[in-house]
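Chain letters run A, B, ... following the sequence lines, proteins first and then strands; every chain starts at 1.
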There are 2 protein chains.
Amino acid sequence: MVAGPTSTGPGKERLRLWIRLLRASRTIEAELRERLKKEFDTTLPRFDVMAALYRVPEGMLMSDLSRFLLVSNGNVTGIVDRLVSEGLVTRARRNGDRRTSMVRLTEEGAKSFATIAAVHEGWVGELLGGVSDDEARQLAGMLKSFRSNWEGRE
Amino acid sequence: MVAGPTSTGPGKERLRLWIRLLRASRTIEAELRERLKKEFDTTLPRFDVMAALYRVPEGMLMSDLSRFLLVSNGNVTGIVDRLVSEGLVTRARRNGDRRTSMVRLTEEGAKSFATIAAVHEGWVGELLGGVSDDEARQLAGMLKSFRSNWEGRE
DNA sequence: GAAAATTATTTCAAGCTTAAAGTTTTACAA
DNA sequence: TTGTAAAACTTTAAGCTTGAAATAATTTTC
């Protein structure tokens, strides 16, 4: 996914766009992952789960998390397991439906996330510093329209 | 990395851009991965390695591959191991420097890649179909400038 | 030319990821 | 009811991923 187009023709331009999109996000992702590890001894997937939960004090179901984060169910299970064992997150049995459990940040988890998120936002600002405000808005708009277009598809 | 901004303020816009960028690439990546699996019983990392090698008939060193693909050395070792065991790639010992080996596509590997790449290009065209030609060019340009800006950084 | 540093690669442990199969619980329908 | 399907999760096997440690070969330095 990171190599160049192998031919010329009609699909070439979009392929080029895709490759650049992927390289850009991989570059930024790798840098953020490394900094999360070095500065806070945590990982991107843990951060993602905590970010999702932080927005919703009442908690989320496992399936909500997996849908929201665009990853598989089994994946979320493992990450939440680890967060629980570190005391950052809890699984609360529900009265209504015993298949499900509400996943919530603990107080410690919320505090920890808030600290990391503030620094993280600064990193993103730094790493995307080369993009002007105008470009940022424009890019974000295009990506949004791409996304809504896509979502209607499946 | 997929959740929304947790605050308002100066860094907010770039954070939003980053989240959209990441969601877009993850969505496309997931779809391509699934199709590669279903249609060709292969994976994205294998495809990436083969794409890199396809451009360079004389082959690449392991370290070239890892640099080019933006992944770690140990990672490439495992993927190439599997490709070798499937007969799609060879490791050739070099006379000059016995630490290194040239990794090349086999004839079968090149043939296999060419088939997959053609279909893959079509998929990307389809998945990015919601982006107009104009937008595609513009986006690609911005991402390119981001990338060169970034590369001067480290 | 021997010791030290560097380079290229592999190995390892831990964690992430998916798809598929399995478990438990709930909902529904005859 | 009571069985059948559906839903929410977890488990499993295989593979991907990283950073760090280990190997081996080359280059540099004295």
Side-chain angles (χ1 to χ4, degrees), chain A residues 1-2 22 25-27 29-50 59-86 88-89 91-103, chain B residues 1-2 25-27 29-50 59-86 89 91-103:
Chain A
M1 254 42 235
V2 168
L22 191 54
S25 62
R26 281 195 185 171
T27 304
E29 210 174 333
E31 181 68 22
L32 291 174
R33 193 188 315 116
E34 194 179 329
R35 294 187 185 190
L36 281 174
K37 178 75 176 173
K38 281 221 183 356
E39 305 292 327
F40 298 106
D41 191 33
T42 189
T43 66
L44 216 41
R46 276 175 174 84
F47 181 82
D48 285 349
V49 167
M50 294 178 78
M60 293 175 84
L61 301 179
M62 293 300 283
S63 41
D64 292 339
L65 269 173
S66 121
R67 229 186 326 278
F68 182 73
L69 297 173
L70 308 173
V71 299
S72 67
N73 263 339
N75 187 355
V76 176
T77 297
I79 298 166
V80 168
D81 282 353
R82 273 166 233 120
L83 288 174
V84 168
S85 80
E86 292 169 24
L88 300 170
V89 145
R91 273 190 181 95
R93 277 264 163 283
R94 291 207 304 167
N95 300 345
D97 187 335
R98 275 180 306 181
R99 291 171 302 182
T100 66
S101 56
M102 269 304 200
V103 183
Chain B
M1 254 39 234
V2 168
S25 63
R26 281 196 186 170
T27 304
E29 211 174 333
E31 181 69 21
L32 291 174
R33 193 188 315 117
E34 194 179 330
R35 293 188 185 189
L36 281 174
K37 178 75 178 174
K38 281 220 178 5
E39 305 292 326
F40 297 106
D41 191 33
T42 189
T43 67
L44 216 42
R46 275 176 174 85
F47 181 83
D48 286 348
V49 167
M50 294 178 79
M60 293 176 84
L61 301 180
M62 294 298 284
S63 41
D64 293 339
L65 269 172
S66 119
R67 229 186 326 277
F68 183 73
L69 297 173
L70 308 173
V71 298
S72 67
N73 264 339
N75 187 356
V76 176
T77 297
I79 298 168
V80 168
D81 282 352
R82 273 167 233 120
L83 288 173
V84 168
S85 80
E86 291 168 25
V89 146
R91 273 191 182 93
R93 277 264 165 283
R94 292 206 303 168
N95 300 346
D97 187 335
R98 274 180 305 180
R99 290 170 303 181
T100 66
S101 57
M102 269 304 200
V103 182

Distance in angstrom units between A/Leu83 CG and C/dA14 C1', rounded: 15 Å
Would you say A/Arg98 reaches C/dT26's phosphate, i.e. side-chain N/O to OP1/OP2 under 4.0 Å? yes
Should B/Ser72 be listed as having a side-chain N or O under 4.0 Å from OP1 or OP2 of D/dT18? yes
To the nearest Å, how far apart are A/Arg33 CZ and C/dG15 C1'? 12 Å
Suppose we screen for side-chain hydrogen bond (donor to acceptor under 3.5 Å, both in side chains). Which residues come up paired with A/Arg98, at least two apart in sequence or across chains? none
What is the distance from NZ of A/Lys37 to P of D/dT17, rounded to the nearest Å? 17 Å
Of all heavy-atom pairs between B/Met62 and B/Asn73, which one has the smallest distance, and what is that distance? O-OD1, 4.2 Å
Counting distance alone, no hydrogens or angles: does the base of C/dT7 have a donor or acceptor under 3.5 Å from a partner atom on the side chain of B/Arg99? yes
Checking all strands, does A/Ser63 fall into the base, sugar-phosphate, or nothing category for heavy-atom contacts under 4.0 angstrom? sugar-phosphate
Using only atom types and a distance under 3.5 Å, with no angle test, would you say the side chain of B/Ser66 pairs donor to acceptor with the backbone of B/Val71? yes
In this structure, CD of A/Glu31 is separated from CD of A/Glu34 (nearest 0.5 Å) by 5.5 Å
How close do A/Arg91 and A/Asp81 get, counting heavy atoms only, and between which atoms? NH2-OD1, 2.8 Å
DNA chain C: B/Lys38 or A/Thr43, which has the more 5' nearest nucleotide? A/Thr43
Distances under 3.5 Å between nitrogen or oxygen atoms of protein and nucleotides 10-12 of chain C:
from, atom 1, to, atom 2, distance (Å)
C/dT10, OP1, B/Arg91, NE, 3.2
C/dT10, OP1, B/Arg91, NH2, 3.4
C/dT10, OP2, B/Thr77, OG1, 2.9

Check the distance between C/dT18's P and A/Ile79's CD1 and give it to me in whole angstrom. 9 Å
Ignoring hydrogens, what is the shortest heavy-atom contact between A/Ile79 and A/Pro45? Give both atom names and the distance. CD1-CB, 3.6 Å
Can you tell me the distance, in whole Å, between the CZ atom of B/Arg94 and the C1' atom of C/dT7? 12 Å
Starting at atom CG of A/Leu36, determine the distance to atom C1' of C/dG15, rounded to an integer number of angstrom. 15 Å
Separation of D/dG19 P from A/Glu31 CD (nearest whole Å): 10 Å
With A/Asn75, which residues qualify under side-chain hydrogen bond (donor to acceptor under 3.5 Å, both in side chains), at least two apart? none
Let's see if you can work this out: which of C/dA8, C/dT25, D/dG19 has an atom nearest to the side-chain heavy atoms of A/Glu34? D/dG19
Whole angstrom value for the distance that separates P of C/dT25 from CG of A/Leu61: 17 Å
